[in-house]
Amino acid sequence: MSTTSIAYHFLIKTLIRTPLSFDHIPPILDRIELVENFETPEYIFVELIRFYGCSGRFEEAVDVFCNIPSFRCVPSALSLNSLLLVLCRRNQGLKLVPCVLMKSRVLNIRLEESSFEILISALCRFGKVGYAVEILNCMICDGFDVDMRIFSLILSSMCEQKKGFGSGDFGVLGFLESMRKVGFCPGMIDYAKVIKVLVKERRGLDALDVLNQIKAARMKPDIVCYTMVLNGVIMEGEYDKADELFDELLVLGLVPDVYTYNVYINGLCKQNNVKGGLDVLLRMEKMGCKPNLITYNVILKALCKFGKLDQAKELLSEMSLNGVGADLQTHRIMLDGLFGKGEIDEACVLMEEMLDKCLCFYCSTYDEIISGLCQRGLVCKALDLVEKMACKNVAPRPKSWEAIVLAFSNELSLPEAVWTGLVSSAKTQGGT
DNA sequence: GTAGGGTTAG
């Protein structure tokens, strides 16, 4: 390498580090091109491309790349990749990519596996998985060895697409199948992602199918996969299959964790088998698996649904003894349960407690309680609650006001508090 | 050998 080229490289490197040096670069390049006659090393262009690209000057970066031959240099995938990398960072740069690819053909640059990888990851990042798949197919056709990471990346992007990729040949399952034919060996994470999407799309039986595929590939599905599939079949109401799955994972020597138990208990509760749910709760504790908030909420909800309020209250104190604090959801479940069983007084107490504890969210049961009180002629009590809600900035819905006004309809005039409440309620409704 | 992917309700 010539001393001159080293000097130019130094000069350019220095300029790149100097702020606002854009104007100084073209004259130097002109000089190298027209006055000097050394073979310019490619890495000088790589640095320039990165520099322009990182400054958002995509066109200039592309110009540098296209003009490389004028500098007595044969461009390779090295400069192409550096250009692709910067262009692929932003949508604006991405638009120039097709042009660059055509130009690189003219320049006789053979795309390398790494070039494809850059393009595919960019397309996946921008949510254009369809194009990523097309490029993947090109790679396969051209006889490239595709890195497993690329398959996983595309699969994972497919799974993250907002619009479900659904069934058929163009879905996740179709992709998985066709990629397996060209040598892709999905790992547990790949399978888990596919299962997750299927369950999310409420296709529990397809998820079960994938679980069987894992087994067919002589792999042992792990507890996460089992848990998701279990959840999937339960959502589809396939409770027999759920039982089979639970037995199966035990036979395989997998240890259910709190997620697994929660899903299973939820399934039992959905079958109205609260007793079964409680049994499993005992069993998991015995096995050393601590129930969490979700475990309790699921069972509490089932107990309340069947009006087993005493048992629910018992479980409530049990959970706090176990160090699991009730959350908003827990309170809502209990409130609904109490109200549903007609225990308005207790529901009132709980409602006040919730407001005191600053669990200050709007809850439709509040309105039901207020209406319920009004219907029983306990309008003063209802007004107390409304006031308490106001203190916590929780506004009753119009339904509550209607009930209150109705309760006063036999009287000559509404109390002032009701008027102001009504007015501010109207304002809020108008504003939203 | 590792991490990582998973649970109620709305």
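Per chain, numbering begins at 1; letters A, B, ... match sequence-line order. Remember, predicted model here, so these are calculated numbers, not experimental data.
With sequence neighbours left out, the salt bridge (charged side-chain N to carboxylate O under 4.0 Å, His left out) criterion links Glu60(A) to Arg57(A). By the salt bridge (charged side-chain N to carboxylate O under 4.0 Å, His left out) test, Lys215(A) pairs with Glu248(A), sequence neighbours left out. The side-chain hydrogen bond (donor to acceptor under 3.5 Å, both in side chains) search around Asn262(A) returns Asn292(A), Thr295(A), not counting sequence neighbours. Contacts of Phe339(A) classified as ring-ring contact (aromatic ring centres under 6.0 Å, His included), with partners at least two apart in sequence or in another chain: none. Residues meeting the side-chain hydrogen bond (donor to acceptor under 3.5 Å, both in side chains) test with Lys270(A), sequence neighbours left out: none. Residues passing the salt bridge (charged side-chain N to carboxylate O under 4.0 Å, His left out) test with Asp243(A): none are found, sequence neighbours excluded.
The nearest whole Å value for the distance from the CG atom in Asp257(A) to the P atom in dG6(B) is 12 Å. When rounded to the nearest whole Å, the span between CD1 of Ile214(A) and P of dG5(B) equals 16 Å. Atom CG of Leu245(A) and atom P of dG6(B) are 19 Å apart (whole Å). Note: CG (Asp222(A)) to P (dT2(B)) measures 14 Å, nearest angstrom. dG4(B) atom C1' lies 13 Å from atom CE of Met219(A), rounded to whole Å.
Sequence neighbours left out, the pairs with a member in residues 335-346 of chain A that pass side chain to side chain donor-acceptor pair (under 3.5 Å) are Lys313(A)-Glu346(A), Asp336(A)-Thr365(A).
Nucleic acid contact class of Thr295(A) (heavy atoms, under 4.0 Å, all strands): none.
A heavy-atom distance below 4.0 Å to DNA chain B is reached by these residues of residues 179-194 of chain A, ordered by number: Met188(A), Ile189(A), Ala192(A).
With hydrogens and angles ignored, no donor-acceptor pair closer than 3.5 Å exists between the side chain of Thr227(A) and the base of dG5(B).
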Between the protein and nucleotides 8-10 of chain B, list the N/O to N/O atom pairs that are separated by less than 3.5 angstrom.
| unit_1 | atom_1 | unit_2 | atom_2 | d |
| --- | --- | --- | --- | --- |
| dA9(B) | O4' | Gln329(A) | NE2 | 3.2 |

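For Tyr259(A) and Tyr226(A), the gap between ring centers reaches or exceeds 6.0 Å.
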